[in-house]
Amino acid sequence: MFRRNALKDRLKNGRAGLGCWLTTGNPVISEVVALSGYDAIMLDHEHGPGTFPDAIACLQAISGTPTTGLMRVPWNDPIYLKRALDIGVEGVMIPSISTAGEAEEAVAACRYPPRGRRGVAYTIARAADYGNAVARYEAEAEEELLIIVQIETAEGFANIESIAAVDGIDMLFIGPNDLSGSLGRLREFDHPEIRGAILDAEKRIKTTGKWLGSLPSLGRDPAAMAAAGVDFVVASADLGLLRGGAAAEVDAFRG
């Protein structure tokens with residue numbers, strides 16, 4: 001259903017948000033995660049096997065909770081973004097944005113003409129309650145949508161300021177794993193170069209005035225990340241939580 005973006009409201013009020021990756025595309029797991037109190041679920045269509053019907057079911061499962069439904073799309077693809085927005089995701093994350101031009105393309109794909117190039121179908125799309133909320137959607141959709149771009153390449157790291165300056169970009173989200181690989185030291189988080197780059201990226205993003213998002217990194221848990229100024233932390237994944245809980249029970253039993 002079309003509603004106010006609770007995560008975006010939270011960020012506007014200066015309160016950090018906590019998210020959970022949804023890699024299974026399972027609506028029951030989505031509902032459990034939402035009822036657990038996460039501020040957002042991130043349907044992962046970059047690395048997860050989810051489909052659009054799966055995503056609709058997940059969004060329906062969380063619609064009775066305050067949890068915001070986001071999607072990480074596979075790539076900066078206007079067709080995929082259009083379809084994700086039409087099914088009613090409340091925010092999108094676009095991976096591997098390296099230049100201001102790429103950021104501009106992402107924003108254009110999320111906005112209707114004349115400010116963008118998104119195709120118009122809200123007279124029937126789920127995003128506008130299948131046409132029952134056309135007037136509200138026309139007036140409010142752009143403001144309610146949260147647009148997140150990932151900084152995870154050496155080029156993107158160098159271009160943080162120009163990417164952040166693009167109108168419509170709400171948040172820059174550091175991808176520490178891919179960023180470290182792009183800098184030539186994959187997951188070497190104890191190396192001074194990588195540690196310094198991540199901390200520098202965080203500082204520079206905050207200086208731009210845009211929201212800062214990230215995974216837990218450099219030995220910091222989500223609370224420590226928030227204390228360090230990170231506005232949105234997508235911490236665990238559904239499969240990781242399941243694996244961890246299962247392994248802990250088995251270990252306790254075997255022990």
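Just so we're clear, the structure is a prediction, and the values are computed from it rather than from any experiment.
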**OP:** Would you check, one step at a time, whether the test side-chain hydrogen bond (donor to acceptor under 3.5 Å, both in side chains) holds for Asp238 with Thr23?
**Re:** CA-CA 7 Å; Asp238 51 355; Thr23 60; 2.7 Å; yes
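Shortest non-hydrogen contact noted between Arg126 and Met1 is NH2-N, 3.5 Å. Here the closest non-hydrogen pair linking Ala84 and Met71 is CB-SD, 3.7 Å. Of all heavy-atom pairs spanning Thr68 and Ile62, the tightest one is C-CD1, 4.1 Å. What you find for Ile169 and Lys210 is that their closest heavy atoms are O-NZ, 2.9 Å. Closest non-hydrogen pair, Ala109 versus Leu85, comes out as O-CD1, 4.2 Å. The minimum heavy-atom distance linking Ala103 with Val166 is given by the pair CB-CG2, 3.9 Å.
Put simply, the side chain of Leu11 reaches to within 4.5 Å of the side chain of Met171, judged on heavy atoms. In this structure the side chain of Val107 never reaches within 4.5 angstrom of the side chain of Asp167, judged on heavy atoms. Considering only heavy atoms from C-beta on, Asn159 stays 4.5 Å or farther from Ser98 through its side chain. At least one side-chain heavy atom of Leu7 sits under 4.5 Å from a side-chain heavy atom of Leu70. Contact of the Leu145 side chain with the Cys110 side chain is registered, since non-hydrogen atoms from C-beta on lie closer than 4.5 Å. You'll find the side chain of Ile147 reaches within 4.5 Å of the side chain of Ile94, heavy atoms only. With contacts defined as side-chain heavy-atom distances shorter than 4.5 Å, the pair Asp178/Pro95 does not qualify. Looking only at side-chain heavy atoms (C-beta outward), Leu215 and Trp21 come within less than 4.5 Å of each other.
The backbone N or O of Ala16 sits less than 3.5 Å from a side-chain atom of Arg10, completing a donor-acceptor pair. Between the side chain of Asp39 and the backbone N or O of Leu18, at least one donor-acceptor pair lies under 3.5 Å. Here the side chain of Glu90 pairs a donor or acceptor atom with the backbone of Gly69 at under 3.5 angstrom. Judged by distance alone, with hydrogens and angles left aside, the side-chain atoms of Asn5 form no donor-acceptor pair with the main-chain N or O of Gly91 at under 3.5 Å. No donor-acceptor pair closer than 3.5 Å links the side chain of Ser182 to the backbone N or O of Thr153. With hydrogens and angles ignored, the 3.5 Å screen pairs a side-chain donor or acceptor of Asp231 with a backbone N or O of Leu212.
Note: Glu152 CD to Ser96 OG = 5.0 Å, rounded to the nearest 0.5 Å. Here the straight-line distance linking atom CG of Asp170 with atom CG of Leu146 works out to 5.0 Å at 0.5 Å rounding.
Surrounding CZ of Arg3 are more than 12 heavy atoms belonging to other residues, nucleotides or ligands, all under 6.0 Å away. The number of heavy-atom neighbours closer than 6.0 Å to CZ of Arg136, taken from other residues, nucleotides and ligands shown, is above 12. Residue Asp251 qualifies as enclosed at atom CG: its count of foreign heavy atoms under 6.0 Å is above 12.
Ion pairing of Arg204 with Glu161 is present here, as a side-chain N (NZ or NE/NH1/NH2) and a carboxylate O approach within less than 4.0 Å. Salt bridge annotation for Arg220-Glu202: present, with a cationic side-chain nitrogen under 4.0 angstrom from a carboxylate oxygen.
Among residues at least two apart or in separate chains, there is no ring-ring contact (aromatic ring centres under 6.0 Å, His included) pair with a member in residues 226-255. The stretch residues 137-164 participates, sequence neighbours left out, in these ring-ring contact (aromatic ring centres under 6.0 Å, His included) pairs: Phe2-Tyr137, Tyr122-Tyr137.
Between Tyr80 and His45, the ring planes are perpendicular. Angles over 60° get that label, and only those under 30° would be called parallel.
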Which side-chain N or O atoms in residues 27-36 pair as donor and acceptor under 3.5 Å with protein atoms at least two apart or in another chain?
{"residue": "Ser30", "atom": "OG", "partner": "Asn26", "partner atom": "O", "Å": "3.0"}
{"residue": "Ser36", "atom": "OG", "partner": "Val32", "partner atom": "O", "Å": "2.8"}

